[in-house]
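Heavy-atom basis, side chains included; hydrogens, waters and symmetry copies ignored. Letters go in sequence order (proteins before strands), and every chain restarts at 1.
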Protein chains: 2
Amino acid sequence: MSRALKKVNYSEDEKQLALFAKALAHPVRVHILKLLNSQSCCYTGDLTELIPLAQSTISQHLKALNEAGLIQGEIMPPKVKYCLNKKKWTVAKDLFADLFDQ
Amino acid sequence: MSRALKKVNYSEDEKQLALFAKALAHPVRVHILKLLNSQSCCYTGDLTELIPLAQSTISQHLKALNEAGLIQGEIMPPKVKYCLNKKKWTVAKDLFADLFDQ
DNA sequence: TTTTCTCATCGTATATTTGCGATAAACTAT
DNA sequence: ATAGTTTATCGCAAATATACGATGAGAAAA
(Lines give C-alpha, C1' and ligand atoms only; values in the text may rest on other atoms or scores of the structure.)
Protein backbone atom coordinates (compact mmCIF):
# COMPACT_ATOMS: atom_id res chain seq x y z
CA MET A 1 0.00 0.00 0.00
CA SER A 2 2.87 2.33 0.65
CA ARG A 3 3.86 1.23 -2.79
CA ALA A 4 1.65 3.84 -4.39
CA LEU A 5 3.10 6.49 -2.13
CA LYS A 6 6.65 5.67 -3.03
CA LYS A 7 7.52 8.00 -5.85
CA VAL A 8 11.17 7.58 -6.57
CA ASN A 9 12.54 9.94 -9.16
CA TYR A 10 14.51 8.36 -11.92
CA SER A 11 15.92 10.15 -14.91
CA GLU A 12 13.89 10.27 -18.11
CA ASP A 13 16.49 8.10 -19.78
CA GLU A 14 16.23 5.47 -17.10
CA LYS A 15 12.46 5.42 -17.32
CA GLN A 16 12.46 5.30 -21.11
CA LEU A 17 15.06 2.56 -21.16
CA ALA A 18 13.07 0.53 -18.66
CA LEU A 19 9.96 0.89 -20.83
CA PHE A 20 11.83 -0.29 -23.91
CA ALA A 21 13.31 -3.16 -21.92
CA LYS A 22 9.87 -4.11 -20.68
CA ALA A 23 8.67 -4.30 -24.26
CA LEU A 24 11.58 -6.63 -25.03
CA ALA A 25 11.05 -8.72 -21.91
CA HIS A 26 9.17 -11.52 -23.63
CA PRO A 27 10.67 -13.85 -26.23
CA VAL A 28 7.71 -13.59 -28.57
CA ARG A 29 8.05 -9.83 -28.73
CA VAL A 30 11.73 -10.13 -29.47
CA HIS A 31 10.83 -12.63 -32.15
CA ILE A 32 8.25 -10.32 -33.69
CA LEU A 33 10.70 -7.44 -33.74
CA LYS A 34 13.31 -9.59 -35.45
CA LEU A 35 10.76 -10.56 -38.07
CA LEU A 36 9.80 -6.96 -38.64
CA ASN A 37 13.44 -5.96 -38.79
CA SER A 38 14.29 -8.59 -41.36
CA GLN A 39 11.31 -8.31 -43.67
CA SER A 40 10.50 -4.64 -43.38
CA CYS A 41 6.82 -5.09 -42.57
CA CYS A 42 4.24 -7.66 -41.60
CA TYR A 43 0.53 -8.25 -41.40
CA THR A 44 -0.90 -9.69 -38.24
CA GLY A 45 -2.16 -12.61 -40.24
CA ASP A 46 1.36 -13.50 -41.29
CA LEU A 47 2.42 -13.57 -37.67
CA THR A 48 -0.38 -15.90 -36.59
CA GLU A 49 0.90 -18.36 -39.17
CA LEU A 50 4.48 -18.08 -37.99
CA ILE A 51 3.79 -18.08 -34.26
CA PRO A 52 1.71 -20.77 -32.55
CA LEU A 53 -0.24 -18.46 -30.28
CA ALA A 54 -3.84 -17.34 -30.41
CA GLN A 55 -4.57 -14.37 -32.64
CA SER A 56 -5.77 -12.39 -29.66
CA THR A 57 -2.53 -13.06 -27.82
CA ILE A 58 -0.42 -11.88 -30.72
CA SER A 59 -2.57 -8.80 -30.99
CA GLN A 60 -1.89 -8.06 -27.34
CA HIS A 61 1.85 -8.37 -27.88
CA LEU A 62 1.64 -6.08 -30.89
CA LYS A 63 -0.24 -3.59 -28.75
CA ALA A 64 2.53 -3.70 -26.16
CA LEU A 65 5.18 -3.08 -28.79
CA ASN A 66 3.09 -0.31 -30.27
CA GLU A 67 2.58 1.40 -26.93
CA ALA A 68 6.30 1.25 -26.31
CA GLY A 69 6.65 3.02 -29.65
CA LEU A 70 8.83 0.36 -31.21
CA ILE A 71 6.39 -0.46 -33.98
CA GLN A 72 3.61 1.30 -35.79
CA GLY A 73 0.55 0.03 -37.59
CA GLU A 74 -0.79 1.20 -40.91
CA ILE A 75 -4.40 0.36 -41.67
CA MET A 76 -4.73 -1.30 -45.05
CA PRO A 77 -8.26 -2.67 -45.02
CA PRO A 78 -9.02 -5.24 -44.14
CA LYS A 79 -5.52 -5.77 -42.82
CA VAL A 80 -3.13 -3.80 -40.68
CA LYS A 81 0.46 -3.55 -41.73
CA TYR A 82 2.99 -3.31 -38.93
CA CYS A 83 6.44 -1.84 -39.35
CA LEU A 84 9.25 -0.85 -37.07
CA ASN A 85 9.17 2.73 -35.91
CA LYS A 86 12.59 3.65 -37.20
CA LYS A 87 12.85 6.80 -35.14
CA LYS A 88 12.09 5.15 -31.81
CA TRP A 89 14.12 2.18 -32.87
CA THR A 90 17.15 4.41 -33.08
CA VAL A 91 16.36 6.03 -29.76
CA ALA A 92 16.17 2.60 -28.13
CA LYS A 93 19.34 1.46 -29.83
CA ASP A 94 21.21 4.48 -28.52
CA LEU A 95 19.85 4.13 -24.99
CA PHE A 96 20.92 0.52 -24.76
CA ALA A 97 24.28 1.28 -26.34
CA ASP A 98 24.81 4.09 -23.83
CA LEU A 99 24.01 1.82 -20.94
CA PHE A 100 26.46 -0.80 -22.06
CA ASP A 101 29.21 1.65 -22.92
CA GLN A 102 32.30 0.55 -21.10
CA MET B 1 -4.81 -22.89 -18.01
CA SER B 2 -3.91 -23.81 -21.53
CA ARG B 3 -1.18 -21.31 -20.96
CA ALA B 4 1.04 -23.85 -19.29
CA LEU B 5 0.58 -26.21 -22.20
CA LYS B 6 1.67 -23.68 -24.77
CA LYS B 7 5.35 -24.25 -25.26
CA VAL B 8 6.48 -22.10 -28.10
CA ASN B 9 10.05 -22.62 -29.17
CA TYR B 10 12.13 -19.51 -29.42
CA SER B 11 15.81 -19.37 -30.19
CA GLU B 12 18.31 -19.32 -27.34
CA ASP B 13 19.27 -15.79 -28.30
CA GLU B 14 15.69 -14.63 -28.14
CA LYS B 15 15.17 -16.20 -24.74
CA GLN B 16 18.43 -14.84 -23.39
CA LEU B 17 17.72 -11.37 -24.71
CA ALA B 18 14.25 -11.43 -23.18
CA LEU B 19 15.76 -12.40 -19.83
CA PHE B 20 18.25 -9.56 -19.97
CA ALA B 21 15.50 -7.17 -21.01
CA LYS B 22 13.36 -8.34 -18.13
CA ALA B 23 16.18 -7.52 -15.75
CA LEU B 24 16.35 -4.04 -17.26
CA ALA B 25 12.59 -3.57 -17.21
CA HIS B 26 12.49 -1.52 -14.03
CA PRO B 27 13.98 1.96 -13.64
CA VAL B 28 15.59 1.18 -10.31
CA ARG B 29 17.49 -1.73 -11.78
CA VAL B 30 18.68 0.42 -14.67
CA HIS B 31 19.73 2.97 -12.08
CA ILE B 32 21.63 0.41 -10.04
CA LEU B 33 23.44 -0.86 -13.12
CA LYS B 34 24.45 2.66 -14.07
CA LEU B 35 25.82 3.21 -10.60
CA LEU B 36 27.77 -0.03 -10.74
CA ASN B 37 29.03 0.82 -14.20
CA SER B 38 30.25 4.25 -13.16
CA GLN B 39 31.84 3.42 -9.83
CA SER B 40 33.07 -0.10 -10.45
CA CYS B 41 31.48 -1.62 -7.35
CA CYS B 42 29.01 -0.97 -4.59
CA TYR B 43 27.84 -2.24 -1.25
CA THR B 44 24.16 -2.73 -0.63
CA GLY B 45 24.39 -0.22 2.17
CA ASP B 46 25.57 2.45 -0.23
CA LEU B 47 22.57 1.80 -2.44
CA THR B 48 20.07 2.11 0.39
CA GLU B 49 21.45 5.58 1.00
CA LEU B 50 21.21 6.57 -2.64
CA ILE B 51 17.83 5.02 -3.36
CA PRO B 52 14.74 5.76 -1.26
CA LEU B 53 13.44 2.20 -1.14
CA ALA B 54 13.42 -0.31 1.68
CA GLN B 55 16.56 -2.36 2.14
CA SER B 56 14.61 -5.52 1.46
CA THR B 57 13.30 -4.13 -1.80
CA ILE B 58 16.77 -3.18 -3.00
CA SER B 59 18.01 -6.60 -2.02
CA GLN B 60 15.30 -8.13 -4.17
CA HIS B 61 16.29 -6.01 -7.16
CA LEU B 62 19.92 -7.01 -6.67
CA LYS B 63 18.83 -10.61 -6.62
CA ALA B 64 17.01 -10.14 -9.91
CA LEU B 65 20.07 -8.60 -11.52
CA ASN B 66 22.23 -11.34 -10.09
CA GLU B 67 19.97 -14.08 -11.39
CA ALA B 68 20.05 -12.49 -14.81
CA GLY B 69 23.82 -12.70 -14.52
CA LEU B 70 24.39 -8.99 -14.99
CA ILE B 71 26.01 -8.49 -11.60
CA GLN B 72 27.88 -10.62 -9.12
CA GLY B 73 28.32 -10.35 -5.38
CA GLU B 74 31.52 -10.83 -3.45
CA ILE B 75 31.16 -11.51 0.24
CA MET B 76 33.30 -9.15 2.31
CA PRO B 77 32.00 -9.66 5.83
CA PRO B 78 29.91 -8.24 7.06
CA LYS B 79 29.14 -6.60 3.73
CA VAL B 80 28.61 -7.83 0.21
CA LYS B 81 30.28 -6.03 -2.64
CA TYR B 82 28.41 -6.03 -5.92
CA CYS B 83 30.07 -5.52 -9.26
CA LEU B 84 29.05 -5.85 -12.86
CA ASN B 85 29.63 -9.25 -14.39
CA LYS B 86 31.78 -8.06 -17.26
CA LYS B 87 31.45 -11.25 -19.25
CA LYS B 88 27.66 -11.33 -19.21
CA TRP B 89 27.60 -7.59 -19.62
CA THR B 90 29.36 -8.02 -22.95
CA VAL B 91 27.03 -10.82 -23.95
CA ALA B 92 24.04 -8.60 -23.23
CA LYS B 93 25.59 -5.66 -25.03
CA ASP B 94 26.15 -7.77 -28.12
CA LEU B 95 22.66 -9.26 -28.06
CA PHE B 96 21.03 -5.86 -27.89
CA ALA B 97 23.37 -4.48 -30.52
CA ASP B 98 22.53 -7.39 -32.80
CA LEU B 99 18.84 -6.81 -32.37
CA PHE B 100 19.12 -3.16 -33.26
CA ASP B 101 21.54 -3.72 -36.14
CA GLN B 102 20.54 -1.84 -39.25
C1' DT C 1 -28.31 -5.55 -46.88
C1' DT C 2 -25.73 -9.41 -45.71
C1' DT C 3 -21.66 -11.91 -45.64
C1' DT C 4 -16.77 -12.34 -45.21
C1' DC C 5 -12.36 -11.13 -43.81
C1' DT C 6 -9.06 -9.15 -40.55
C1' DC C 7 -7.75 -7.32 -36.42
C1' DA C 8 -8.86 -5.27 -31.69
C1' DT C 9 -10.95 -5.60 -27.37
C1' DC C 10 -13.40 -7.85 -23.49
C1' DG C 11 -13.74 -11.03 -19.76
C1' DT C 12 -11.57 -14.45 -17.18
C1' DA C 13 -8.04 -17.38 -14.90
C1' DT C 14 -3.47 -17.87 -13.42
C1' DA C 15 1.31 -16.39 -12.77
C1' DT C 16 4.60 -12.99 -11.89
C1' DT C 17 6.23 -8.60 -10.13
C1' DT C 18 6.69 -5.13 -6.76
C1' DG C 19 6.56 -3.08 -2.41
C1' DC C 20 6.84 -3.34 2.68
C1' DG C 21 7.94 -4.88 7.55
C1' DA C 22 9.52 -8.65 10.18
C1' DT C 23 12.74 -11.98 10.76
C1' DA C 24 16.64 -15.02 9.73
C1' DA C 25 21.45 -15.70 8.61
C1' DA C 26 26.34 -14.77 8.66
C1' DC C 27 30.10 -12.72 10.27
C1' DT C 28 32.74 -9.32 13.80
C1' DA C 29 33.73 -7.56 17.86
C1' DT C 30 33.26 -7.32 22.74
C1' DA D 1 28.40 -16.31 24.92
C1' DT D 2 26.39 -11.77 23.62
C1' DA D 3 25.65 -7.89 21.01
C1' DG D 4 26.09 -5.27 16.72
C1' DT D 5 26.26 -4.87 11.66
C1' DT D 6 24.93 -6.06 7.19
C1' DT D 7 22.41 -8.54 3.85
C1' DA D 8 18.96 -12.19 2.50
C1' DT D 9 14.60 -14.26 2.85
C1' DC D 10 9.70 -14.80 4.27
C1' DG D 11 4.93 -13.58 4.14
C1' DC D 12 1.65 -10.64 2.76
C1' DA D 13 -1.13 -7.35 -0.38
C1' DA D 14 -1.74 -5.06 -4.56
C1' DA D 15 -0.68 -4.42 -9.29
C1' DT D 16 0.72 -6.21 -13.87
C1' DA D 17 1.44 -9.64 -17.31
C1' DT D 18 0.08 -13.59 -20.01
C1' DA D 19 -2.83 -16.77 -22.18
C1' DC D 20 -7.29 -18.10 -24.10
C1' DG D 21 -12.03 -17.97 -26.34
C1' DA D 22 -15.75 -15.01 -27.40
C1' DT D 23 -17.23 -10.96 -29.22
C1' DG D 24 -16.96 -6.32 -31.47
C1' DA D 25 -15.58 -3.02 -35.19
C1' DG D 26 -14.52 -1.77 -39.81
C1' DA D 27 -14.14 -2.19 -44.57
C1' DA D 28 -14.77 -4.96 -48.94
C1' DA D 29 -17.38 -8.01 -51.62
C1' DA D 30 -21.52 -10.56 -52.65
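- For B:Ile32 and D:dT7, the CD1 to C1' distance is 14 Å, given to the nearest whole Å.
- Across A:Gln72, A:Gln16, A:Lys93, a single residue satisfies side chain to side chain contact (heavy atoms under 4.5 Å, CB included) together with A:Lys88, and that is A:Gln16.
- The nearest whole Å value for the distance from the CG atom in B:Leu65 to the P atom in C:dT17 is 13 Å.
- Contact between A:Leu70 and A:Ala23 at its shortest, heavy atoms only, is CD1-CB, 3.9 Å.
- Atom P of nucleotide C:dC27 and atom NZ of B:Lys81 are separated by 17 Å, given to the nearest angstrom.
- Closest to the A:Ser56 side chain, of the nucleotides C:dG19, D:dA19, D:dA22, is D:dA22.
- No hydrogens or angles were tested; on distance alone, nothing pairs the side chain of A:Gln60 with the base of D:dA17 as donor and acceptor under 3.5 Å.
- Spacing between atom OH of B:Tyr10 and atom P of D:dT18 amounts to 10 Å, rounded to whole angstrom units.
- Distances from the side chain of A:Ser59 to the nucleotides D:dG26, C:dA8, C:dT28 place C:dA8 closest.
- For the pair B:Tyr82 and D:dA8, the criterion of a side-chain N or O lying under 4.0 Å from OP1 or OP2 is met.
- DNA chain D is contacted by both B:Lys79 and B:Lys63; B:Lys79 maps to the nucleotide lying nearer its 5′ end (nearest heavy atom per residue).
- Taking every side-chain heavy atom of B:Pro77 into account, C:dT28 is the closest of D:dT7, C:dT28, D:dC20.
- Rounded to a whole Å, the CD atom of B:Gln72 is 14 Å from the P atom of D:dA8.
- For B:Lys22 and C:dA15, the NZ to C1' distance is 10 Å, given to the nearest whole Å.
- Looking at residues two or more places apart in sequence or on another chain, you find no side-chain contact (heavy atoms from CB on, under 4.5 Å) involving B:Glu49.
- Rounded to whole angstrom, the span from the CD atom of B:Glu67 across to the P atom of D:dT9 amounts to 9 Å.
- Nearest-nucleotide assignment on DNA chain D puts the 5′-proximal partner with A:His26, out of A:His26 and A:Ile75.
- Among the nucleotides C:dG19, C:dC7, C:dC27, the one closest to any side-chain atom of B:Pro78 is C:dC27.
- For A:Thr44 and C:dT6, the shortest distance from a side-chain N or O to OP1 or OP2 is not below 4.0 Å.
- Classified by interplanar angle (parallel below 30°, tilted 30° to 60°, perpendicular above 60°), the ring pair A:Tyr10/B:His26 is perpendicular.
- Residues B:Leu36 and B:Tyr82 come closest through the heavy atom pair CD2-O, 3.3 Å.
- An OP1 or OP2 oxygen of C:dT17 is reached within less than 4.0 angstrom by no side-chain nitrogen or oxygen of B:His61.
- Note: CG (B:Leu62) to C1' (D:dT6) measures 13 Å, nearest angstrom.
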